[in-house]
Amino acid sequence: MRRHPRRGEAGRQVTAPTAPAVPSERGAEVGRRIGVGLMYGLWKPRVLGSWKVPAAGPVIFAVNHSHGIDGPMVMGVAPRPTHFLIKKEAFVGPLDPFLLGIGQLKVDRSIADRTAITRALDVLSAGGVLGIFPEGTRGEGDFASLRAGLAYFAVRSGAPIVPVAVLGSSERRGRLIKALPPLRSRVDVVFGDPFEAGDGSGRRTRKALDEATERIQKQLAAHLDDARRLTGR
């Protein structure tokens, strides 16, 4: 006996969930322009080596992280729009649609977040710029302890890594807002030479990623030392 459809069932179709879209390059450019206004309006960024950033093609920014403004500062002063991997805890209230709208990537650091990984690789596949804090969380900002995520993205995508040192953001507290650097104080952002993380073999084994992480750590630490000598910080 054929069952008649219940009220509201007629014409209903079951569709498979759609895959998440690639984070918007246009949105990231909007975020860059907002960052330009805020960073140069509130502080005095000094940008060095931005000409070293490849003008096109996939790139990974590896940024040291000692203060909450480090990400927005790089977004505002970088020569290309950037999609940062940002902890999901930052996507609260109105910041959630705003950050997603400007092309930023939400990541759950407590698990292997496959959605975040896929979307980050999509950014690189589309020739975009992916921003990563390789230390995983805010700390001394000295690249002393790296997680394997940066090596994975670099080896998997083949994208060059550009080391980025942000200096001066955590030196002093502001008088009006203690959580921020003093208004109109100088913050240095130093871009380094692009380098390849892999050994050229194309291997993606755990050993290959461990070796890549070691190479990356040495490169980032050397860049930070050079940036400190260059800026006197």
Test of ring centre spacing under 6.0 Å for F98 and F91: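 No, the ring of F98 stays outside the 6.0 Å limit from the ring of F91, centre to centre.
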For this output row, return yes or no: ring centroids of F84 and F133 closer than 6.0 angstrom.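 Yes; F133 has its ring centre under 6.0 Å from that of F84.
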The single option from L85, I60, V155 passing side-chain contact (heavy atoms from CB on, under 4.5 Å) against L150: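 Filter result, single survivor: I60.
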Using only atom types and a distance under 3.5 Å, with no angle test, would you say the side chain of [X] pairs donor to acceptor with the backbone of [Y]?
X    : Y    : result
S185 : P181 : no
D70  : H67  : yes
W43  : P182 : yes
Q219 : Q217 : no
T82  : R80  : yes
R228 : R233 : no
E135 : H65  : yes
R119 : R114 : no

Atom pair [atom1]/[atom2] of [X] and [Y] - distance to nearest 0.5 Å:
X    : Y    : atom1 : atom2 : answer
D113 : T118 : CG    : OG1   : 9.0 Å
L209 : R156 : CG    : CZ    : 11.0 Å
D193 : I161 : CG    : CD1   : 13.0 Å
L95  : I86  : CG    : CD1   : 9.5 Å

Any side-chain heavy atom of [X] within less than 4.5 Å of one from [Y]?
X    : Y    : value
P163 : F195 : yes
P194 : P54  : yes
V162 : K52  : no
M75  : I102 : yes
S169 : S66  : yes
V30  : I34  : yes
L224 : L167 : yes

Measure across [X] and [Y] and return the closest heavy-atom pair with its distance rounded to 0.1 Å.
X    : Y    : result
F61  : A78  : CE1-CB, 3.8 Å
E89  : R109 : OE1-NH2, 4.1 Å
P81  : V129 : O-CB, 3.5 Å
H83  : V123 : CD2-CG1, 3.6 Å
F191 : S50  : CD1-CA, 3.8 Å
I216 : A151 : CD1-CA, 3.7 Å

[atom1]/[X]: more than 12 non-hydrogen atoms of other groups inside 6.0 Å:
X    : atom1 : answer
R206 : CZ    : no
R33  : CZ    : no
K106 : NZ    : yes
K44  : NZ    : no

[X] and [Y]: same hydrophobic cluster, using ILVMFWY side-chain contacts below 4.5 Å?
X    : Y    : result
L48  : M39  : no
V190 : V164 : no
M73  : L230 : no
L183 : V166 : yes

Stepwise salt bridge (charged side-chain N to carboxylate O under 4.0 Å, His left out) check, R229 with D226: CA-CA 5 Å; R229 284 194 294 270; D226 289 342; 2.2 Å; yes
State whether [X] and [Y] are salt-bridged, where the test is any N-O pair (Lys NZ or Arg NE/NH1/NH2 against Asp/Glu carboxylate O) under 4.0 Å.
X    : Y    : result
E29  : R26  : no
D188 : R186 : yes
D210 : K207 : no

